[in-house]
Amino acid sequence: MAKYNDLNAFVQEDKPSIIILTETWLSASVPDGIIALDGYTIYRSDRNRSKGGGVCIYLADQIFSEFHIKDIGTDLGGVESLFLELTTNTTSFVLGCIYRPSSTSIDNDRTLIELILNLTAAHEKIFIFGDFNMADIRWPIDPSRHHKPSSQFLVDMITSTHLNQLVTQPTRYRLGQSPSTLDLVITSDEHSLTNLDYLDPIGKSDHIVLTVDLQICKSSRTRTVSLKRAVIDYNAVNRALSKFDWRSLLSKSLVTDNWTIFKSCLHSTVARHTTFVNDKRSSKKPWINAKILSLIRNKRTLWRVYKRTGSECDYKTHRKFSNRLSATIKEARCVYESNIAESKDTKRLYKYLHTKLSGPVGKIQIQSPFGDIIENSKDIADTFADAFSHMFTNEPPGHIPKILGSSNPTSLSEIVFTPTVVRKKLASLDASKSPGPDLITAKCLSNCADTLCKPLCILMTQSFHSGLLPLDWRTALIRPIFKKGDKFNANNYRPISLTSIVIKLMESIIYDQLIKFLNEHQLIPIEQHGFLPGKSIQSNLLCCLSDWTKENDVLYLDFSKAFDRVPKRRLLHKIKHLGISGKLYNWIDAYLTDRTFRVKVENSLSKPVNVLSGVPQGSVLGPLLFIAYTADLKISIESPFAMYADDIKLYNNSCKNIILKKDLLAIYNWSKDWLLPLNCEKCYVLHIGKKNPKCKYYLGGNELTKTECCRDLGIFINQELTWSDHIAHTVKKANSVLFLLGKAFSRIHPVAFSKLYKTFVRPILEFGNSIWTPVLQRDIHLLESVQRKATRRPFGRVRPQYHERLSLMQLTTLSDRRIRGDLITTFQALTNPTSPIRQLYMMNLDPRLRGHKFKLQKQKFYTTPRQVFLTNRVFNSWNMLPIEVIQSQSLQVFKKRYDHYRAQTTQ
């Protein structure tokens with residue numbers, strides 16, 4: 001503690017709540033009073049066998065008074081460690097400090113990793129700080145780098161669990177030596193640690209000071225909760241609704257009055273045929289129902305009988321009952337978890353997992369501009385409303401810029417609403433969707449489709465012809481969802497809009513006819529892949545990567561809050577330019593006018609806020625209107641480009657950087673004219689190719705940031721167009737989810753766990769896998785290792801071999817799945833004349849070839865990325881397929897026939 005005085009000065013300045021120190025050099029001869037800090041309680045673990053080492057933790061008195069502190073005893077041999085469990089009635093987490101000398105044996109390192117894994121398995125949240133002295137690891141982890149055996153233990157642990165290491169910059173600076181990252185922060189909940197900062201060292205230390213905000217949100221919960229579950233007799237509701245004379249009831253002159261009548265009739269009818277069932281259960285353990293709670297009380301009664309009599313017979317009675325109760329509780333949990341895993345109600349499954357795995361924010365708490373924590377739900381809702389209202393654009397009156405290109409000579413003005421179309425839309429509703437401000441549920445609408453299609457058709461027709469929308473149709477309920485960063489900052493929450501399901505149905509009918517009109521007249525650029533039928537992230541990136549096999553400069557451009565900033569007058573001007581006129585134009589005008597939103601936090605609503613700009617969030621028409629707004633951008637650009645809604649990739653050969661610079665300036669000017677500002681901080685350039693001259697590009701006077709690897713629509717793309725980086729991120733994410741699933745479900749049947757794996761883990765491993773493919777054996781084994789681990793979990797220690805486990809869990813290897821995915825993508829492209837990736841394939845038109853008419857011709861390649869591109873790697877697998885598989889009438893038939901063919905060939 002040679003730097004004790006410097007530490008005191010640091011504490012007086014920054015006043016941290018928790019102080020963690022490594023290499024304290026304390027021993028039993030140094031009492032706590034010598035190293036005490038005013039207002040803190042110290043916990044320490046000294047090195048007793050020799051000088052040096054040691055760790056300690058200071059807890060501020062406020063922490064000490066609010067939490068119950070328990071020292072978790074650990075013995076790691078050559079590694080000093082201290083672990084504290086901090087607990088309240090509602091919150092529990094483990095705080096750890098480690099000092100690992102560089103001379104530590106590999107056995108001690110193995111013990112250290114096992115301890116961390118055991119603590120992680122036993123505790124929901126764990127935060128470990130310490131000096132690990134592993135300078136050979138580069139953070140973030142580079143999977144291709146070779147590490148020392150001890151370091152590899154730590155790398156494997158971080159890669160294969162849900163733990164994260166947050167330090168990415170050097171933490172030790174010594175004269176004559178390269179800076180190194182020795183001090184690490186390891187956590188099971190990265191969202192609870194924010195604002196990591198790297199400060200200067202204390203005193204003469206060669207280690208810097210790390211500061212971080214630890215955010216633990218607490219919420220009180222009762223031991224038991226009583227729930228009222230609504231049971232609706234939809235047969236009776238349908239019979240009652242069929243007796244209404246809707247045409248007479250909805251004959252008012254204003255659609256707003258008719259909507260009020262309809263809503264009142266529907267709600268009152270549903271209420272008359274609704275009964276409520278009381279359900280009492282434990283708030284923390286949902287499987288502990290009223291029956292088990294009664295058995296627990298019986299057990300306590302038997303114990304009191306034994307305490308009163310002292311009889312051996314009474315003791316045995318209590319013990320027997322206790323054992324039976326334990327088995328009952330265990331079985332109830334397993335049944336509860338299995339029912340959730342096997343249920344078709346995915347919403348219930350997601351909700352259970354969110355509860356079990358403790359999402360990043362339980363009870364929302366927001367910091368006021370004065371620094372105080374707001375806990376009242378009404379005040380929190382109003383704070384969010386103020387934060388979300390700042391995203392809008394105030395469109396100036398007067399001049400609107402001229403749209404490049406000629407206007408569309410044809411027009412679309414009428415939309416036809418029929419009971420048949422409305423009924424079809426009602427029947428296809430997802431019953432789990434949340435209702436909007438009118439409180440009409442999707443389950444009610446879908447179950448009453450036959451009786452509600454006619455009145456809803458009347459209301460939609462009245463609204464369209466009059467150009468009026470009820471207030472419920474123009475109001476959104478906002479649910480704030482935490483993204484990342486500081487949990488107390490309202491700007492780090494994403495607004496999720498819940499709008500009326502009825503207006504979504506009407507929008508859907510309008511969308512179907514509007515998108516048909518826009519496609520028939522080729523008014524949407526072929527480069528736009530977002531929110532359009534037949535196009536996707538996959539088609540976007542495949543079209544780009546097909547062009548990126550040479551030296552290219554790729555400019556990634558991002559509009560700031562694009563969907564919220566679209567100005568209304570300019571939007572209406574553009575859709576009229578595209579040919580939208582008459583009643584449809586008037587209805588869209590009314591649809592965008594006088595919109596409001598209210599933020600809902602718990603059961604409190606914020607004040608209503610006027611929506612000044614933007615396309616409606618959470619709507620069906622919103623994305624299409626945005627695409628229409630940006631449709632003319634293509635005319636300004638000479639270079640190839642691709643769009644996914646508001647994400648733009650502009651690219652060209654590096655030798656044509658002058659054209660690229662000209663296009664960048666054109667987009668910048670367009671964004672200013674049409675009031676969609678570019679977010680310069682999120683715009684960057686990726687130079688592809690080893691011989692790329694890496695030209696500089698400027699946006700608004702600022703140089704675009706250069707990046708070696710970027711995340712493009714969820715896929716990590718680097719300068720060499722190799723996929724090891726993406727695979728490493730994918731495996732890390734999949735392992736984290738798999739680890740959490742294992743914690744959420746204690747014991748589960750292999751088939752049920754297979755469903756969980758297919759739902760939550762395998763989609764991560766297969767996201768966009770027609771875009772990328774593992775080339776190195778290391779990457780292939782790394783991907784397959786996730787599925788190997790997943791198939792081991794439900795079997796325990798005694799388990800069959802991998803291929804037998806796959807058979808029992810109805811799975812196939814990921815390699816086979818990737819081949820199947822490539823073939824499915826190819827089938828969709830070649831059998832659909834309008835597919836955006838059809839032109840990427842080279843067809844073999846030689847009439848002498850036998851077999852089907854969709855034979856592929858292999859393309860020439862000069863680089864590995866081109867060799868393993870989809871159109872080349874699928875060549876052999878596709879051409880070998882039998883003609884009956886290729887000539888399938890639909891995608892579902894193709895999948896079925898291919899699976900049958902594959903099963904026969906592998907027998």
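The first residue of the sequence shown is numbered 1, and numbering continues consecutively from there.
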(message) Donor-acceptor check, side chain of S835 to backbone of T831, threshold 3.5 angstrom: yes or no?
(response) no
(message) Using side chain to side chain contact (heavy atoms under 4.5 Å, CB included), reason through F384 and V601 one step at a time and then give a plain yes or no.
(response) CA-CA 9 Å; F384 274 120; V601 176; 4.2 Å; yes
(request) Looking only at non-hydrogen atoms, find the nearest pair between L404 and I635 and report the distance. (result) O-CD1, 3.1 Å
(request) Please report the closest heavy-atom contact between T256 and P470, naming both atoms and the distance. (result) CG2-CA, 3.9 Å
(request) Please name the pair of heavy atoms, one in V566 and one in L676, separated by the smallest distance, quoted to 0.1 Å. (result) N-CD2, 4.1 Å
(request) May I ask you to decide if the ring planes of F531 and Y644 are parallel, tilted or perpendicular, using 30° and 60° as cut-offs? (result) tilted
(request) Check salt bridge (charged side-chain N to carboxylate O under 4.0 Å, His left out) between R272 and all other residues, then give those that pass, not counting sequence neighbours. (result) none
(message) Please report the interatomic distance CD1(I400) to CG(L571), rounded to the nearest 0.5 Å.
(response) 10.5 Å
(request) Measure from the side-chain N and O atoms of R423 to the backbone N and O of A449, and report whether any donor-acceptor pair falls under 3.5 Å. (result) no
(message) Evaluate V609 against F388 for side chain to side chain contact (heavy atoms under 4.5 Å, CB included), listing each step before the verdict.
(response) CA-CA 9 Å; V609 179; F388 296 152; over 6 Å; no
(message) For the OG atom of S434 and the CG atom of L439, what is their distance to the nearest 0.5 Å?
(response) 11.5 Å
(request) Count the heavy atoms of every other residue, nucleotide or ligand shown that sit under 6.0 Å from NZ of K561, and state whether that count exceeds 12. (result) no
(message) Given 3.5 Å as the limit, does a donor-acceptor pair link the side chain of N586 with the main chain of G582, or not?
(response) yes
(message) Run the ring pair (Phe, Tyr, Trp, His ring centres under 6.0 Å) test against Y585 and tell me which residues pass, sequence neighbours left out.
(response) none
(message) Counting only heavy atoms not in K576 (residues, nucleotides, ligands), do more than 12 fall under 6.0 Å from its NZ?
(response) no
(message) Quick check: closest heavy atoms across L452 and L426, and the distance to 0.1 Å?
(response) C-CD1, 4.2 Å
(request) May I ask you to test the R565-P677 pair for a side-chain heavy-atom distance under 4.5 Å? (result) yes
(request) Using a 4.5 Å cut-off on heavy atoms from C-beta on, say whether the side chain of F597 contacts that of P608. (result) no
(request) Quick one: pull up CD1 in I261 and OG in S251 and give me the separation to the nearest 0.5 Å. (result) 7.5 Å
(request) Compute both the distance and the angle, then confirm whether K649 meets the cation-pi test with Y556: under 6.0 Å from the six-membered ring centre, within 45 degrees of the axis. (result) no
(request) Give a yes or no on whether E520 atom CD has more than 12 heavy-atom contacts from other residues, nucleotides or ligands under 6.0 Å away. (result) yes
(request) Any chance you could measure S508, atom OG, to Q513, atom CD, to the nearest 0.5 Å? (result) 10.5 Å
(request) Can you run down the side-chain hydrogen bond (donor to acceptor under 3.5 Å, both in side chains) pairs that involve residues 396-408, sequence neighbours left out, and say none if there aren't any? (result) N408-T410
(request) Could you tell me whether a side-chain N or O of N376 sits under 3.5 Å from a main-chain N or O of D379, the two making a donor and an acceptor? (result) yes
(request) For L445 and L429, work out which heavy atoms get closest and say how close. (result) CB-CD1, 3.8 Å
(request) Begin from the C-alpha positions of D438 and W473 and carry the test side chain to side chain donor-acceptor pair (under 3.5 Å) through to its verdict. (result) CA-CA 8 Å; D438 55 17; W473 295 7; 5.0 Å; no
(message) With a 4.5 Å cut-off on side-chain heavy atoms, are N540 and I537 touching?
(response) no
(message) Both conditions, 6.0 Å and 45 degrees, for the charged tip of R595 above the ring of Y591: are they met here?
(response) yes
(request) Check whether any side-chain heavy atom of P567 sits under 4.5 Å from a side-chain heavy atom of Y629, and report yes or no. (result) yes
(request) For C448 and N238, work out which heavy atoms get closest and say how close. (result) CA-OD1, 3.3 Å
(request) Would you indicate whether the side-chain heavy atoms of T269 and H273 approach each other to under 4.5 Å? (result) yes
(message) Evaluate T593 against D589 for side chain to side chain donor-acceptor pair (under 3.5 Å), listing each step before the verdict.
(response) CA-CA 6 Å; T593 303; D589 186 0; 3.3 Å; yes
(message) Tell me whether S466 contacts the main-chain N or O of Q462 through its side chain, where contact means a donor paired with an acceptor under 3.5 Å.
(response) yes
(request) Rounded to the nearest 0.5 Å, what's the gap from CD on Q538 to CD1 on I837? Could you check? (result) 6.0 Å
(request) Sorted by first residue and then second, give each salt bridge (charged side-chain N to carboxylate O under 4.0 Å, His left out) pair with at least one member in residues 387-397; sequence neighbours left out. (result) E395-R569, E395-R570
(message) I need the single residue from T418, L514, V620, V422 that forms a side-chain contact (heavy atoms from CB on, under 4.5 Å) with I509. Which is it?
(response) V422
(request) Please examine the side chains of L592 and P616, heavy atoms only from C-beta on, and report whether any two atoms are closer than 4.5 Å. (result) yes
(message) Are L266 and C444 packed together at the side-chain level, in the sense that at least one heavy-atom pair is separated by less than 4.5 angstrom?
(response) yes
(request) Report the C-alpha separation of N610 and T596 in whole Å, then their side-chain angles, then the decisive distance to 0.1 Å, and conclude whether the side chain to side chain donor-acceptor pair (under 3.5 Å) test is met. (result) CA-CA 4 Å; N610 293 325; T596 60; 5.9 Å; no
(message) Using the salt bridge (charged side-chain N to carboxylate O under 4.0 Å, His left out) criterion, which residues pair with D382? Sequence neighbours excluded.
(response) K378
(message) Please check if the number of heavy atoms outside D245 that lie under 6.0 Å from its CG is greater than 12.
(response) yes
(message) Any side-chain to backbone donor/acceptor pair from S613 onto T393? Under 3.5 Å, distance only.
(response) yes
(message) Tell me if a side-chain donor or acceptor on Q528 pairs with a main-chain N or O of A642 at a distance below 3.5 Å.
(response) no
(request) Spell out, as yes or no, whether a donor-acceptor pair under 3.5 Å connects the side chain of D472 to the backbone of W259. (result) no
(request) Kindly indicate whether the side chain of I588, heavy atoms from C-beta on, has any atom under 4.5 Å from the side chain of I580. (result) yes
(message) Between F417 and L456, does the side chain to side chain contact (heavy atoms under 4.5 Å, CB included) criterion hold? Intermediate values first, please.
(response) CA-CA 9 Å; F417 300 90; L456 288 176; over 6 Å; no
(message) Can you classify the ring geometry of F262 versus W246 as parallel (below 30°), tilted (30 to 60°) or perpendicular (above 60°)?
(response) tilted
(message) Keeping D558 on the side-chain end and C683 on the backbone end, is there a donor-acceptor pair under 3.5 Å?
(response) no
(request) Carefully, step by step, assess K634 and F641 under the rule side chain to side chain contact (heavy atoms under 4.5 Å, CB included). (result) CA-CA 9 Å; K634 177 181 180 179; F641 73 100; 3.8 Å; yes
(request) Check whether any side-chain N or O of D430 sits under 3.5 Å from a backbone N or O of S432 as a donor-acceptor pair, and report yes or no. (result) yes
(message) Which residues pass the salt bridge (charged side-chain N to carboxylate O under 4.0 Å, His left out) test with K607, not counting sequence neighbours?
(response) D386
(request) With rounding to the nearest 0.5 Å, note down the distance linking CG in L557 to CG in D647. (result) 10.0 Å
